[in-house]
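As the structure lists them, so they are numbered: ligands from 1, and atoms in each ligand from 1. Here, residue 1 is the first one in the sequence, and each next residue gets the next number. Only heavy atoms go into these numbers, but all of them, side chains included; no hydrogens, no water, no symmetry mates.
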Amino acid sequence: MAEGEPIRVVVTGAAGQIAYSLISMIANGDVFGTKQPVILHLLDIPPAMGVLEGVCMEIDDLALPLVKGYVKTTDPEVAFKDVDAAFLVGAMPRREGMERKDLLSANVKIFKVQGEALNKYAKKDVKVLVVGNPANTNALICSFYAPSIPKENFTAMTRLDQNRAQSAIAKRLGLCVSNVKNVTIWGNHSSTQFPDVFNASVTSSDSSKSVYDSINDSQWLEGDFIKTIQTRGAAVIQARKMSSAMSAAKAAVDHMRDWWSGTASGSWVSMGVISDGSYGVPKDLIYSLPVSISNKQWKIVQGLKITDFAKNKLDLTAKELLEEKEEAMAVCNA
Ligand code: NAD
Ligand code: LMR
């Protein structure tokens, strides 16, 4: 049963393929809870309004009691007015043969405009999840143009990479994915990301063992495993001729749900968050880090073991993010 005041949730790119899966999960209570009513703010661009009309018909036809209304709009003022949570999905996806950073010049201006709109119209405690690629740098730009909202409120999605890594480990061990805990994605949502299992564990009802010891194949863990996760998005594009959507929407749900409701004691999740110098990562990048969450506030998990192998990988992905930041600033200032 729905209780209390509805919250306002904006989804951009609402006529696109990720939004098509995401909206129904938000409407069903998978993100904010099955007692939290929502009003959906659906933003897209003028050529997509016909498709969005059809999506709205389907929202009606879902007949879900948590949906207390929706607005469909092309106007950022309407879309971002008084929102509590923002899923920034709308952006161009990459095609076969591209790296995600090749989208930077096309997409980053969208996040400048939406940052400015969030700054003016959203609630000051709005929780922003950037999905559109290149997600880390887009989130940084969005935050830069929304100075009245705390930097901690802007995050980028690397949960899909975490889910991919957990699933690959579980498959290799013949276990359920829920038995694999605390895989960390470090850095950029790109092919330089570092999926790290050095601190991850495999748990059952009465035991916990490190993933490293359980798999006992460092060549695979430091070679093919990392490469597979780093290039999984490209592999999906090659097979589907479109980028991941169902799994991306589920990852967005996982990310925002954990931010809203918190992580279990002793466990963490990966989110692109503003860096503060922890683990030697340069400050003021949106860099994927291990975070624990309570009271809707994330905190970087400290003290994880970083081997020399890992440190090199952390530095490499930081270097790419520094380059993207410089390029994005140049595009926005042009
Ligand atoms: P899509 O092309 O199906 O949908 C994008 C939608 O955004 C379209 O409806 C388009 O009209 C809309 N749009 C474009 N410019 C807009 C603007 N200025 N304001 C509002 N809407 C706008 O793409 P998709 O498959 O849904 O992917 C969306 C983005 O998410 C892409 O950039 C993709 O690369 C990225 N992505 C990220 C991850 C991740 O893990 N971070 C995973 C999958 C996809
Ligand atoms: C993904 O990881 O699947 C998305 O970022 C889409 C892409 O371009 O790879």
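A side-chain donor-acceptor contact under 3.5 Å links T155 and H255.
Contact atoms of ligand 1 toward A15: 9 (O) (distance under 4.0 Å to a heavy atom of the residue). Against a heavy-atom cut-off of under 4.0 Å, A248 is close to the following atoms of ligand 1: 42 (C), 43 (C). Interface of A91 with ligand 1, defined as ligand atoms under 4.0 Å from a residue heavy atom, comprises 5 (C), 7 (O), 28 (C), 29 (C), 31 (C), 32 (O). Each of the following atoms of ligand 1 lies closer than 4.0 Å to a heavy atom of G13: 6 (C), 7 (O), 12 (C), 20 (C), 21 (N). For ligand 1, the atoms lying closer than 4.0 Å to a non-hydrogen atom of V89 are 28 (C), 29 (C), 30 (O). Atoms of ligand 1 lying under 4.0 Å from at least one heavy atom of I110, given by number and element, are 15 (N), 18 (N). Residue contact check: Q114 has heavy atoms under 4.0 Å from atoms 19 (N) of ligand 1.
Of the heavy atoms in M92, only backbone atoms (N, CA, C, O) come closer than 4.0 Å to ligand 1. With a heavy-atom cut-off of 4.0 Å, L160 touches ligand 1 through its side chain alone. With a 4.0 Å heavy-atom cut-off, ligand 1 is reached by the backbone of V131 and by its side chain too. The parts of Q17 lying near ligand 1 are both backbone and side chain, judged by heavy-atom distances below 4.0 Å.
In terms of N/O distances under 3.5 Å, ligand 1 is not approached by S244. Note: no N/O pair closer than 3.5 Å links A135 and ligand 1 by distance alone. Annotation: T12 places no N or O atom under 3.5 Å from an N or O atom of ligand 1; distance criterion only.
Taking each of R159, H189, Q162, R164 in turn, the one with a heavy atom nearest to atom 39 (C) of ligand 1 proves to be H189. Nearest to atom 27 (O) of ligand 1 by heavy-atom distance, out of L103, V236, I18, is I18.
The cationic atom of K296 (NZ for Lys, CZ for Arg) does not lie both less than 6.0 Å from the six-membered ring centre of W259 and within 45° of the ring axis.
Legend: residues meeting salt bridge (charged side-chain N to carboxylate O under 4.0 Å, His left out) with D217, ordered by chain and number and at least two apart, are R172.
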When you check ligand 2 against the protein, what N or O pairs turn up below 3.5 Å? List the atom names and distances, or just say none.
unit_1, atom_1, unit_2, atom_2, d
ligand 2, 2 (O), R100, NH2, 2.8
ligand 2, 2 (O), R164, NH1, 2.9
ligand 2, 2 (O), R164, NH2, 3.4
ligand 2, 2 (O), H189, NE2, 3.3
ligand 2, 3 (O), R164, NH2, 2.7
ligand 2, 3 (O), S244, OG, 2.7
ligand 2, 5 (O), R100, NE, 2.8
ligand 2, 5 (O), N133, ND2, 2.9
ligand 2, 5 (O), H189, NE2, 2.6
ligand 2, 8 (O), R94, NE, 2.5
ligand 2, 9 (O), R94, NE, 3.1
ligand 2, 9 (O), R94, NH2, 2.7
ligand 2, 9 (O), R100, NE, 3.2
ligand 2, 9 (O), R100, NH2, 3.0

